[in-house]
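Chain letters run A, B, ... following the sequence lines, proteins first, then strands; residues in each count from 1.
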Amino acid sequence: MFLENSKRGLLAHPITLCFAVTVTIGLLFVGTNTLIGNEVYGPMDPQSEESLALNTLSQPSGERQIAWGYVGAYSVSPAQKKSRIAFWKDNIDNFLSNASDAEIANLATLFTNPTVVAVLRQLVEGRKSVTDLAKEAGIPESEVEGAVETLMKATLVVRTEDNLITPHNDAISFFLNFVSMTTVHLGHTKSDR
Amino acid sequence: MKSDDVKLIQRILNGDQNAFASLVRKYQQQIHTFAWRKTGDFQIAEDIVQETFLQVYQKLDTLEDPMQFTKWLHQIANRRCIAWLRKNRVQTEPLEETDISEIETEAYSQYVATEHAKTTADAQRDLVEKLLAKLKARDREVITLHYFEEMSSPEIGEFLGVSENTIKSRLHRARQQLKKYESMIQEALDRTTERRQHSPEQTKGETNMADEVKIEARLKELQRQIANLQEEIKVVAAESDVFHADDMQFHDPERSEALQTICHLPVDAERQISWGYLGAYGTPPNKTKSRIAFWSTNIDSFLSKAPDADLVNFASLFTNPVVVAVLRQLVEGKKSVADLAQACNTSESEIETAVALLMDETLVERTADNFIKPKNDAVSFLLNFVSMTIVHLGHIRPEN
């Protein structure tokens, strides 16, 4: 399933395909440890620094300990390289207690608005005008304005002096996390149903 | 910041003198520190600043990419410093213009002052060189620009053409490395203080006031730099094990290094992404689970995997607080509906509804002995939501 997902993505990009290796990292943990699963996509050598770093991060931390987070980097143009690490090493109860059920549900609710999602998808490229957002997402400007207001209240976008909408705080990271999770989820639901 | 510079440059090219003054004000301190560090002479550094900005003014119309202004500015200053160093290794003054009666005293006091400064500076330089030699080339570069050129992370990022976060991570890594040598720094600092206490006695009446002021200023500057470094080191040492998303502090060398590696992901090529979620957690009895879901691919390919509608559907599942509460309980492993209801402080029927939703989404399963067990990435998704919510709350609370 993951192999299929990976191939589907890679086939769209012949250059990547030439070097692509879909790596399923071997069983790293034995005995009492349970491996949920490791999937690494794309042109990554299993012995590469990146691959090894991922494994280091996912090492167990001990009883009732958690090491968890989202990490990554992306580049949409030579002038726009962004990277983000949000990673915790903590007691699992402490970690979980930092976000209540209601707060989680609130954040999730934001992403149930299709216009919000469409706007964030456009903003991965960087700041844009409402007109451009509307045009590229195929949505009326008034709807885009509504989504922008919602995102501004959530401190996920800001309006610049020249009236451009700029992603703010972890807006893009959250969007990329949703893409990651949805991709994994679609893979599971398609195979399990 | 770059866009501000671009606007200023445009105004200068249009003949706005005030814009040029603004540009000079913005960068003169930075260039002076840079030149001072290079030449070791405060006043020469001032001259170099003037020459640099004169050249900037004369040649600004030849700057092809105004976004690269700071890099260009430092290149000009650097060339000026190198030229000065080549020409002025031994500075001479025409003898006929000097008062003969002053020659002896001046020569001796100059010698003492120079030797004093040289000894102190040599010791400091040795220490700094030793410390810097222990760092990776990239980290050394960033530390030098930060502590000796007094550039901020955004400025260094602009200068080197890399992101501010990359600079922060390099600074963090370098400080972590330097932390190991805290005692060495302390020792050097003590030595410097000792010299400062004794030197005035030794040179009393032998050095002129200008030299004293100059030496004192240089000593203070060197001490301040080391004290800054020390302070930073203490801050890092006091950090807890929790990784702060914004500060990139993670007091665990292996994981810290791993995070930095991932932060420098191979996204040099345009439209590339390396992104994912990962981690491990341990819950009793002796069960540790780990998960990596990570992509390194073309960004369009990555984004196309999750259409808006699917993303919205996925998000909607987590808008149900009972679903979230159930998943939270399942981090511990499988549980009965009765236990879930009790732990979630809700009715069993509510739990059954949430379980049905989760089963439909292949996120839980019912075992033969009627336990509810997490399936696929159910717990990972919950942990991701917790991560994002923590970050989000951190952002909205101070701003609200």
Note to self: Can you tell me which of B:D310, B:V312, B:L303 forms the most heavy-atom pairs within a distance under 4.5 Å of chain A?
What the structure shows: B:V312
Check: When the ring planes of B:F318 and B:F385 are compared, do they come out parallel, tilted or perpendicular, using 30° and 60° as the limits?
Finding: parallel
Notebook entry, point to check: Would you call B:E361 and B:K375 a salt bridge, taking side-chain N to carboxylate O under 4.0 Å as the test?
Noted result: no
Note to self: So for A:I92, is it side chain, backbone, both, or neither that comes closer than 4.5 Å to the heavy atoms of chain B?
What the structure shows: side chain
Margin query: Less than 4.5 Å to any heavy atom of chain A: does that hold for the side chain of B:V323, its backbone, both, or neither?
Written below: neither
Check: With a 4.5 angstrom heavy-atom cut-off, which part of A:A171 approaches chain B: side chain, backbone, both or neither?
Finding: neither
Check: So which of A:L96, A:T109, A:L110, A:N94 has the biggest tally of heavy-atom pairs under 4.5 Å with chain B?
Finding: A:L96
Note to self: Is B:L317 close to chain A through its backbone or its side chain, or both, or neither, when contacts mean heavy atoms under 4.5 Å?
What the structure shows: neither
Notebook entry, point to check: Which bit of A:I104 comes within less than 4.5 Å of chain B, counting heavy atoms only: side chain, backbone, both or neither?
Noted result: both
Item checked: Exceeds 12 heavy-atom contacts within 6.0 angstrom, atom CG of B:N345 -> no
Notebook entry, point to check: Looking at A:F111, A:F175, A:F174, which has the largest count of heavy-atom pairs under 4.5 Å with chain B?
Noted result: A:F174
Check: So among B:L382, B:L340, B:L363, B:V355, which one has a side-chain contact (heavy atoms from CB on, under 4.5 Å) with B:L330?
Finding: B:L340
Margin query: Testing A:L133, A:V130, A:T115, A:I165 one by one against A:E145 for a side-chain contact (heavy atoms from CB on, under 4.5 Å), which residue passes?
Written below: A:V130
Note to self: Please rank B:I299, B:V324, B:L383 by heavy-atom pairs under 4.5 Å with chain A and give me the top one.
What the structure shows: B:L383
Item checked: Member of B:V391, B:L393, B:I390, B:T389 meeting the side-chain contact (heavy atoms from CB on, under 4.5 Å) criterion with A:N98 -> B:I390
Note to self: With side chain to side chain contact (heavy atoms under 4.5 Å, CB included) as the criterion, how do A:Q122 and A:I139 come out once you've worked through the C-alpha distance, each side chain's angles and the decisive distance to 0.1 Å?
What the structure shows: CA-CA 12 Å; A:Q122 293 299 322; A:I139 299 166; over 6 Å; no
